[in-house]
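All figures in this text were calculated on a predicted structure; none of them were measured in a lab. In what follows, chains carry the letters A, B, and so on, assigned in the order in which the sequence lines appear, proteins first and then strands, with residues in each chain numbered from 1.
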2 protein chains.
Amino acid sequence: MENLTQHHFMVLFLSLGILLGMARVLGELAQRLRQPAVLGELFAGVLLGPTVLGSIAPEFSAFLFPPQGPNAIALEAIATLAIVLFLMVAGIEVDLSTIWRQGRVGCKVGIASIAIPFLLGFAAAWLAPQALGRQPDADPMIFALFLAIAISITALPIIAKTLMDMDLYRSDIGMVVVSAAIFNDLAGWIVFAVVLGLMGNPAGSGHSIMLTIALTLAFVGAMLTLGRWLIHKALPFVQAYTRWPGGELSFALILGMLGAACMEWIGIHAIFGAFLVGAAVGDSSHLRERTRATIEQFVSFIFAPIFFASIGLKVNFLTYFDGPLVLTVLLITCVGKLAGGILGARWGGMPPREARAVGFAMVSVGAMGIIVGLLALEAGIIRQRLFVALVIMAMATSMMGGPAMRLILRPTKKWRLRDALSSKLFLRELKAGSPREAIQEMTAAVGEAVGLDAEALEAAVWTREEALSTGIGNGVALPHARIEGLQESLVVVGFSDTGIDFDAPDDKLAHAIFLILTPAADPSAQLEITSELARLFRDPHMLSRVLRMQSFTDFLALISASVRP
Amino acid sequence: MENLTQHHFMVLFLSLGILLGMARVLGELAQRLRQPAVLGELFAGVLLGPTVLGSIAPEFSAFLFPPQGPNAIALEAIATLAIVLFLMVAGIEVDLSTIWRQGRVGCKVGIASIAIPFLLGFAAAWLAPQALGRQPDADPMIFALFLAIAISITALPIIAKTLMDMDLYRSDIGMVVVSAAIFNDLAGWIVFAVVLGLMGNPAGSGHSIMLTIALTLAFVGAMLTLGRWLIHKALPFVQAYTRWPGGELSFALILGMLGAACMEWIGIHAIFGAFLVGAAVGDSSHLRERTRATIEQFVSFIFAPIFFASIGLKVNFLTYFDGPLVLTVLLITCVGKLAGGILGARWGGMPPREARAVGFAMVSVGAMGIIVGLLALEAGIIRQRLFVALVIMAMATSMMGGPAMRLILRPTKKWRLRDALSSKLFLRELKAGSPREAIQEMTAAVGEAVGLDAEALEAAVWTREEALSTGIGNGVALPHARIEGLQESLVVVGFSDTGIDFDAPDDKLAHAIFLILTPAADPSAQLEITSELARLFRDPHMLSRVLRMQSFTDFLALISASVRP
C-alpha cells in the first residue's frame, strides 16, 4: 500500500483548490441567471472531468484527478465527508413541526407527489428496462424501484431556496409545499434505504435483508423519537458547560458522523444517518441560530460545491449522452410529478391556480435525485447513459420550478436596494450646493444612463421634495418619486463632502443622498427600498464608512456585506 | 489499488466521530483547568492510539485506526487538510500591521527569543546528537537545525489566547509579546522552510536546494507584498458581486489550498503556503469579522481537534518516553526561551518585571513545535523518543506561560457573570413579596451554600438598597454590596412570577432579581458583573426568555449562548 507523498499532497490541494474555485465561480454565475447554484457547481465538474478537460488535455486531467491511487481515495473520502455534512444540513433545515401543522394538505400533496411519479417510473422501468439503461446483470425489480425513487424524490433545499427568493416561504402555499417536500424527502429516503437493504449489500455488513430493513426502520424510529428527545435534553448541558459556540458546533457534527457510521454499519449509505441526525438536531428549539448559520455556511459554500463538482468527474457526459433517453426520463418525471403535485393539492382542497403552482414547485428533483442516481451507478444497477440522463433531468426540473411558479402566481417582485443600484448612477462627488441642484444633477444622470426624460423626473422628485423635505437625519437624505411607466426601480447615489441642507429633523447637512425612483405600478417598491436604506443607516458609523468609499465596487461591497437578508 | 468500500466508510465516520468527540471533551476539560484546549486534544489521541487503546484492545484499535490501507490514507488526507486550514487561521490571526507599530521592542524580543534558544538548541544537538535522539542516518547539520527550530518557535495562537484570557491582549505588554511572537513565527517558519529545502526533498519536487530556497523566499516575498495587495484589491469585488458571505469564505479557502499546493510543489510542506495566504488575507481590512469568525470557529472546533488528536495516534508515548531526554529538552527550551525573552525585552528598554513577564509569555512552544517535530519524524530526521520528548516539552511550556505571567503581573481578575453563578445560588421561585424579604431569602441561600454570615450580608445589601433602590427597569433588579473578606464574587439568581417592587424608574415590578456580592478588595468586580447583566437585559425579549428557564442548567445555557465576549 502506498503512503501519501509530497506529490500526492500537492495534487490533493491543487485539485481541491481548482475544483472548489471553478465550482464557486460557476455556482455564482448560475445564481446571477436566477438558477440554483448546484447547476453551476455540477457543470464545473463536467468541465474539469472526462467530458471536457479529459478530451482536451487527457494528461493534465489524469494528473489532477487520477482515477486510481491514493489521490483518488483521498478525494473520494473528502467528497463523501462533504456529502454527509451536506445531508446533515439538509436534515437540519427540515422542520418536523411544520409537517404536523400543515399536515393534512401537505401530507396529501406529499403522498400524491411521491406515489404517482413512483408508479409511473416503476411501470416504465419494469416494462422497458433495456431502453431505460438497466445494467444487464442488475435485478429488474431493484432497477425499477431505483428509477421510481430517482424520479419521485424532491429537492427540499432547492424548493426552500426558490420559495425564499420569491418571498413565499412563510405563506400558506409555501408551507404546504415545504411540508409536502419534507414528507416526500423523508419517505423517499426511507424507501430508498429499504431498497438498498433489498440489494443484500454486496460489499457491506453481511446482515440479511430483513435484518437490514428492521435495523433501518429502528434507527429512523429511534432517531425521530428518543434520539430527538435526548438531543433536545442534552443541548442545554452542552451550551451551559462548554465554550460557546464550539461545544454546540462539534456536538452536532460528532453526532452526524456517528449517525453516518451507524447507517453504514447497518448496510445503508452514510448520508441517511447524517440526514436523520440533522433532522433531530435541527428540530430542537435549543439549537442557536448562530450555530446553524456557521454549519450551513461552511457546508453550503465549501463542502457542497466540492461534492457536486466531483460528480461531474465521474462520467463523460458527451459520450454517454442519449437524447431519446434524456427526453423519456424528463417526460416521465415531469408528467408524474406535475400530476402528483396538482392532484394532491386539489385532493387537499386547494383552488386550481394554487394547485398548479404547487405542482410546478414539486417538480424539482435537484441534488437529491443526483445522489440517488450516483448510488445506483456505483452499485452497478444503472448504466452511465441513464446516470447522465438522470443528472440532466434533475438539473432541468430544478430550473423549471421557479420560473413556472412566477408565471402562475405573478408575485410582486420584492425590490432590493442592490438590484436598483448601478455604477452609472453612482456620483462620487456632487457639485450641487442645494437640494434643487442635487436633484437636478442626479436626475440628469438617470436621463443619460437609461434614456429617460430628465426634466420630467426632476419635476416629479422636486414636487415631492417641496411637499415635505426628505432629510432623514444623520447626514442622509432620501428624495424620491413614483414614476409612471418605469419598469425597474432605480436608486441614484450621490455623495457631498460639503453637505447639502435637506432640512433634516436633526438640522445636520446631508452627505449621502439616495434618489429613489420606483415604478408607479408597484406601490410597495418605494417603501421597501426606503426601509432598507433606513435600516442600513440606523448604524451611526455607517455614514462615515459609506463616505470613505471611492468606487462603486467598494460601495457595493460595503452594502452587500452590511445588509442582512 | 483498493477502492473505498462500505466497510471503509463505516470505519472512516466512526473513527472521525470518536476522535473528534474525545478530543473535544478532553479539550473542554483542559480549559476548565485553565489550560489550553490543545493539551486535551492531544491527550485524546494518546488515549485512542497505540499508547493506551492499542495496549488494552489492540484489535479494536487496529479496526478503528488501521496503520495502512485506504482508511489510513483517508484519515491522513483529512488530518492534513485540517492542519492546512488551522495554519491558515493562524495566518489570518497574524496582524502584520502590529509588527510595524510595536516594531522596535517587539522586533528585539522576537530576535532574541528566536536567536538564543536556536543557538542553544543547535549547540546541544551538534555536540550530543546521539543523546538527543538523532536518527543514525540523518545529517547532523539538518538534525541540529531541526532541533534548534523546534525549541525556538513560538505558539502564537496559545500566546494570543492566554493574553486575551488575562485581558492583556490590547495592553502595551500584550502588543509587544504578540508582535514578537508574530516575528518569531514568520522567521521560524521561513528558516524551517529553508531547512526543509536543504534536505533535498527525497520524495519531492526534484528541484535543487538553491532553487527550492529561492522559490520559497520568492513565494514569501510575493505573498507578503504583491499577493497581499492583490487580495486587498480583490476582496471588494468578491463582496460586491457574489452572495454574502459565501463568496468571501470560499475565496479565502480556495487561495489557501492553492497556496498550500504551491508550497508543496516548491518542495516545502503545504502548511506554509496556507499560513502565508492566511496572513495576506487576514491583513486586508476588507475581510469581514463575520467571515473570519465562521472560518475560525469551524477550524478551531472541528478541524484542529481532529488534527491534534491524530498526532497522538502516531506513536506510543509510553514505549518511547525517555525521562532524561524529556528533561534535557525541556531545560534547554526553558532556559533558551526565558533568556531570549527577558534579554530581548530589556534590550528593548522594558523594566525588569515586565521583561520577566514577556520572557514567560514567549516560553510557549505549543502546537507549532509539535508540527515541526512531526515533520521531522516523518522526514526520518529524529527518533520517536525525541518526538515524544518534543511533544511533552511543547505541552509543558504551553502550560507554564499563563500561570507564570499571572504570578508576575498579578492582573486583577476580570469577573465574568458565569464564574459567579452556581446551582446552589439559583432560586427558581422566590417566596418574598418585598425587596427586604427577597434580599433576606437570597442572602440566606448564600449563607447556607458557602457558610457566610447571612445576617451581615443582608444588612450590607439592605443598607445599599435603602440608599438608592436597585430596580433597573424592564423587570430586573440588581441589589448588591461589596463584602469585606469575600474571595470570589457571587451572584444569587432569584425569579419571582408575581413580581417585587424594587422601585424601578419604569415602575415595573421586578421578576428577575440578581443579588451581586463582590470582594471589597476588588473594586471593579461589581461594575463588571453589573454591566454584563445590563448588557444582557438590553434585549427586551431577554426577561421573558430567562423566566421560562426551569433549571439552573437551562438558565446557564441561555446566558452562555447570549453573552458575547
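In this structure, B/I18 and A/L258 approach most closely via the heavy-atom pair N-CD2, 4.2 Å. When all heavy atoms of A/F13 and B/A260 are compared, the pair lying nearest together is CG-CB, 3.9 Å.
More than 12 non-hydrogen atoms from other residues, nucleotides or ligands lie less than 6.0 angstrom from CZ of B/F552.
Rounding to the nearest 0.5 Å gives a distance of 5.5 Å between CZ of B/R288 and CG of A/L558. Remark: A/T553 OG1 to B/F237 CZ distance equals 4.0 Å, nearest 0.5 Å.
Residues A/W265 and B/L14 are not in side-chain contact: their nearest non-hydrogen atoms beyond the backbone lie 4.5 Å or more apart. Taking the side chain as every heavy atom from C-beta outward, A/F9 and B/V84 never approach each other to under 4.5 Å. Side-chain contact between B/R290 and A/Q297 is present, with at least one heavy-atom pair separated by less than 4.5 Å.
Neither the backbone nor the side chain of A/F251 comes within less than 4.5 Å of any heavy atom of chain B. With a 4.5 angstrom heavy-atom cutoff, B/L81 touches chain A via backbone and side-chain atoms both. Looking at A/L19, neither its backbone nor its side chain comes within 4.5 Å of chain B, counting heavy atoms on both sides. Contacts of A/L12 with chain B are made by side-chain atoms alone, with heavy-atom separations under 4.5 Å and no backbone atom involved. For B/I302, the part lying near chain A is the side chain, with the backbone staying farther off; criterion is any non-hydrogen pair under 4.5 Å. Contact of A/V238 with chain B is not made at all, since no heavy-atom distance falls under 4.5 Å. Heavy atoms closer than 4.5 Å to chain A are found in the side chain of B/A37, but not in its backbone. Of the two parts of B/V25, neither the backbone nor the side chain holds a non-hydrogen atom closer than 4.5 Å to a non-hydrogen atom of chain A. For chain A, the nearby parts of B/L16 are the backbone and the side chain; heavy atoms of each come within less than 4.5 Å.
In terms of heavy-atom pairs under 4.5 angstrom with chain B, the leader among A/L20, A/T242, A/L29 is A/T242. In terms of heavy-atom pairs under 4.5 angstrom with chain A, the leader among B/V11, B/L235, B/I78, B/L253 is B/L253. No other option in B/R418, B/M549, B/M10, B/R32 has as many heavy-atom pairs under 4.5 Å with chain A as B/M10. Taking B/G27, B/G17, B/S15 one by one and counting their heavy-atom pairs under 4.5 Å with chain A, the maximum is reached by B/G17. Interface check for chain A: of the options B/A74, B/C262, B/A77, B/S300, the most heavy-atom pairs under 4.5 Å are formed by B/A77. Of the listed residues A/A23, A/S250, A/G21, the one with more heavy-atom pairs under 4.5 angstrom with chain B than any other is A/S250.
By the side-chain contact (heavy atoms from CB on, under 4.5 Å) test, A/A557 is found to be paired with B/P236, B/Q239, B/A240, residues two or more places apart in sequence or in another chain being considered. Taking the salt bridge (charged side-chain N to carboxylate O under 4.0 Å, His left out) definition, one finds that B/R292 meets it with B/E289, sequence neighbours left out.
Between B/F298 and A/F298, the ring-plane angle classifies as parallel under the 30° and 60° cut-offs.
Judged purely by atom type and a 3.5 angstrom limit, A/R24 has no side-chain atom pairing as donor or acceptor with the backbone of B/I254.
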